[in-house]
Amino acid sequence: MKKIKTQSDFFDKVFEVVAEIPIGKVTTYGAIAEACGIRSSARTVGWALNSAKNSYLPCHRVVNRFGALTGKIHFGNPQLMQDLLQGEGVKFDSEGNVILADHLWLPAKRNRFSKTKNL
DNA sequence: TGACTGACCAACA
DNA sequence: CTGTTGGCCAGTC
């Protein structure tokens with residue numbers, strides 16, 4: 001089986017991971033990229049979501065490493081992203097960032113990120 | 001067609 | 001310790 005590492009391969013993984021994010025939980029781009037096997041392509045993860053934002057994928061549950069809703073801009077309604085998360089029980093701090101300490105969810109892969117999470 | 005950007009993260013100087 | 005660059009993939013100009 002020739003495994004051609006092309007578009008769908010990476011995107012598909014991102015979609016699967018994002019689709020498995022439980023309610024009231026959030027994950028990070030790096031975590032997804034890590035789960036995909038390429039932590040360096042965290043940027044591309046954002047693009048995957050950009051293409052998936054029109055899909056059923058809960059892109060609003062994907063935040064950056066700081067818990068900031070960096071992708072809210074692409075939602076059309078920046079407030080919608082935070083509203084959705086709050087509606088799921090996600091809490092935000094004074095800076096408007098998701099409290100990863102209580103809502104960070106790592107894809108079934110490596111929990112190595114926990115180390116970097118503790119800022 | 002070629003090059004740059006883009007919702008990022010981590011390593012190196 | 002802080003600043004900068006590198007890297008990955010795909011889409012857009």
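All of these numbers come straight from a predicted model, not from anything done at the bench. Quick note on labels: first sequence line is chain A, next is B, and so on, each numbered from 1.
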> Going by side-chain contact (heavy atoms from CB on, under 4.5 Å), A:T27 matches just one of A:V45, A:L100, A:I21. Which one?
A:I21
> Strictly below 4.0 Å, heavy-atom distances to any atom of DNA chain B: list the hits from residues 70-82 of chain A, or just say none.
A:T70, A:G71, A:H74
> Between A:E34 (CD) and C:dC8 (P), how many Å, whole number?
14 Å
> Nearest whole angstrom, please: distance from the C1' of B:dC4 to the CH2 of A:W47.
11 Å
> Can you name the nearest heavy-atom pair linking A:G96 to A:L69, along with the distance?
O-CG, 4.4 Å
> Checking side-chain contact (heavy atoms from CB on, under 4.5 Å) between A:V63 and each of A:T70, A:V90, A:N97, A:V26, which is the one that passes?
A:V26
> Working to the nearest 0.5 angstrom, can you tell me the gap between A:L85 CG and A:K72 NZ?
11.0 Å
> Among B:dC9, C:dC9, B:dA7, which nucleotide has an atom closest to any side-chain atom of A:R65?
B:dC9
> Could you list, one pair per line, each protein nitrogen or oxygen that sits under 3.5 Å from a nitrogen or oxygen of nucleotides 5-7 of chain C, together with the distance?
{"unit_1": "C:dG7", "atom_1": "O6", "unit_2": "A:R43", "atom_2": "NH1", "d": "2.2"}
{"unit_1": "C:dG7", "atom_1": "N1", "unit_2": "A:R43", "atom_2": "NH1", "d": "3.2"}
{"unit_1": "C:dG7", "atom_1": "N2", "unit_2": "A:S40", "atom_2": "O", "d": "2.7"}
{"unit_1": "C:dG7", "atom_1": "N3", "unit_2": "A:S40", "atom_2": "O", "d": "3.3"}

> Separation of A:L49 atom CG from B:dG6 atom C1', in whole Å?
12 Å
> How close do A:A31 and A:L106 get, heavy atom to heavy atom, and via which atoms?
CB-CD1, 3.6 Å
> Nearest-Å distance, CG (A:L106) to C1' (B:dC9)?
14 Å
> Under 4.0 Å, heavy atoms only, any strand: does A:N64 hit a base, just the sugar-phosphate, or nothing?
sugar-phosphate
> For the side chain of A:H74 and the backbone of A:N50, is there at least one donor-acceptor N/O pair under 3.5 Å apart?
no
> Can you see which heavy atom on A:Q86 is nearest to which on A:F92, and at what distance?
CG-CE1, 3.3 Å
> Which pairs with one or both residues in residues 78-98 of chain A pass salt bridge (Lys or Arg N to Asp or Glu O under 4.0 Å), sequence neighbours excluded?
A:R61-A:E88
> What integer distance in Å separates A:L69:CG from B:dA7:C1'?
10 Å
> From NZ of A:K13 over to P of C:dC8, roughly how many Å is that when rounded to an integer?
15 Å
> Do you know which two heavy atoms are closest between A:C36 and A:F10, and how far apart they sit?
CB-CE1, 3.8 Å
> Can you tell me the distance, in whole Å, between the CG atom of A:N50 and the P atom of B:dC8?
11 Å
> Take atom CZ of A:F11 and atom C1' of B:dA7, then tell me their distance rounded to the nearest Å.
12 Å
> Determine the Euclidean distance between corresponding C1' atoms of C:dG3 and B:dA7; express it in Å to zero decimal places.
23 Å
